[in-house]
Amino acid sequence: MTDTFHNTYSHGHSAGTLAGHRARTAETCAAFLLPLLKPGMALLDVGCGPGSITQGLADAVSPGRAVGLDQSAAAISAACAAFGPLNLEFVEGSLFALPFDDDTFDVVYCHQVMVHLPATKTADAMREVRRVLKPGGVFAAREARADMGGTQWYPHHALLDRTFDVVFARAYAGGATPRNPAALRTHARAAGFAPDAIELSFALEVNDTPDKRAALERQWTARASEPEFVAFARASGMMRDDEIEQLSAVWRAWSANEDAWETMLQIEMVARK
């Protein structure tokens, strides 16, 4: 496939974005999958980013083979530099043309990947995942329902609201579909997974401690300072220059507020081939 969207990621792969992703772990981001993993399984983590989740999954299937795949050379470089147990490898590649034979993996995992795809291409991606799964294999996905009320925070501030508005507008402009997670089952069925082989669960991610608020502050101030974010905010007229300059201070104030919190609904799917 030649659609240029396949080579993009709406948040980008800057150092700030990768640092935020590096805080993710298998325990916090794949708890629903961990009970299904057994030593000796072959596992693929698609959209692995800097590899912190992949490393935990690799531990769970050791001595089985674990592979982290990402389309970003920067992400793969970061993962290779940070992790490297004997059963774990990282490769650069596309979800739409996975560089593996049919029936290769017992488990394929995706974390916050489908939300960045066009709705018209999501079933194609899942079909490719299904191809590399062994018969009886498990496809697990965890996706944030970040729009339409799926994300809430307190206290509200107009510029915090505007940060998310810019992020979503930029994602839609790039072809992504932030509403995609709500249709995970629909896309999985279109990809060939049987209706009775698909299970959904839901988790509420809560960030209400000083450490968690500080991590969110670092993540969003880094994203809001990226040239692509600033350029889009200006060109779209969604933020003035003085508002962009205030963002870091506003996020710091939110993080320092002992009463502040943020929640995000996570939709989790397990589909068996």
Side-chain angles (χ1 to χ4, degrees), residues 5 8-24 28-29 47 49-50 72 74-75 111-118 142-182 203-267:
F5 178 85
T8 67
Y9 172 64
S10 56
H11 290 320
H13 293 94
S14 70
T17 296
L18 290 178
H21 291 175
R22 202 171 288 117
R24 297 169 173 174
T28 59
C29 297
S72 164
H111 182 266
Q112 313 302 348
V113 172
M114 303 301 162
V115 69
H116 296 284
L117 304 182
R142 187 177 194 254
E143 303 287 335
R145 185 62 191 267
D147 71 334
M148 301 294 288
T151 296
Q152 299 288 332
W153 60 92
Y154 175 87
H156 281 278
H157 189 287
L159 286 185
L160 299 189
D161 294 344
R162 206 88 54 78
T163 302
F164 283 88
D165 290 343
V166 172
V167 167
F168 289 128
R170 183 180 165 206
Y172 280 117
T177 314
R179 292 189 178 92
N180 237 2
L204 190 65
E205 181 178 306
V206 181
N207 295 294
D208 63 344
T209 65
D211 287 347
K212 290 181 177 180
R213 290 196 302 267
L216 273 183
E217 175 206 334
R218 290 192 297 271
Q219 173 181 313
W220 285 105
T221 53
R223 287 179 178 174
S225 64
E226 292 168 359
E228 296 83 0
F229 178 98
V230 173
F232 186 92
R234 285 173 175 162
S236 64
M238 298 181 72
M239 280 190 179
R240 303 187 308 269
D241 283 354
D242 63 305
E243 292 175 324
I244 295 172
E245 292 173 358
Q246 294 174 39
L247 279 177
S248 293
V250 171
W251 277 105
R252 282 196 299 273
W254 177 87
S255 176
N257 186 334
E258 293 182 353
D259 297 325
W261 54 263
E262 183 258 11
T263 63
M264 183 176 292
L265 179 65
Q266 301 288 344
I267 302 177

Nearest 0.5 angstrom please: [X] [atom1] to [Y] [atom2], how far?
X	Y	atom1	atom2	value
Arg213	Trp251	CZ	CH2	12.5 Å
Leu216	Glu262	CG	CD	5.0 Å
His157	Asn257	NE2	CG	11.5 Å
Glu143	Ile267	CD	CD1	8.5 Å
Met238	Arg170	CE	CZ	12.0 Å
Gln219	Thr221	CD	OG1	9.0 Å

Glu226 and Arg223 ion-paired at < 4.0 Å: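 Result for this pair is no, no salt bridge flagged.
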
Arg252 with Glu217: basic N within carboxylate O range, under 4.0 Å: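 A salt bridge is absent here (no side-chain N lies under 4.0 Å from a carboxylate O).
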
Ignoring hydrogens, what is the shortest heavy-atom contact between [X] and [Y]? Give both atom names and the distance.
X	Y	value
Ile244	Ala233	CD1-CB, 4.1 Å
Ala224	Leu247	CB-CD1, 3.7 Å
Arg142	Ala203	NH2-CB, 4.3 Å
Ala144	Gln112	N-OE1, 2.8 Å
Pro155	Trp153	O-CD1, 3.8 Å
Leu159	Met239	O-CE, 4.0 Å

Residue of the set Phe164, Trp254, Phe229 for which side chain to side chain contact (heavy atoms under 4.5 Å, CB included) holds with Trp220: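 Option passing the side chain to side chain contact (heavy atoms under 4.5 Å, CB included) with Trp220: Phe164.
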
Is there side-chain contact between [X] and [Y], with at least one heavy-atom pair below 4.5 Å?
X	Y	value
Thr263	Glu205	no
Trp261	Lys212	no
Met264	Leu204	no
Glu243	Arg162	yes
Arg24	His111	yes

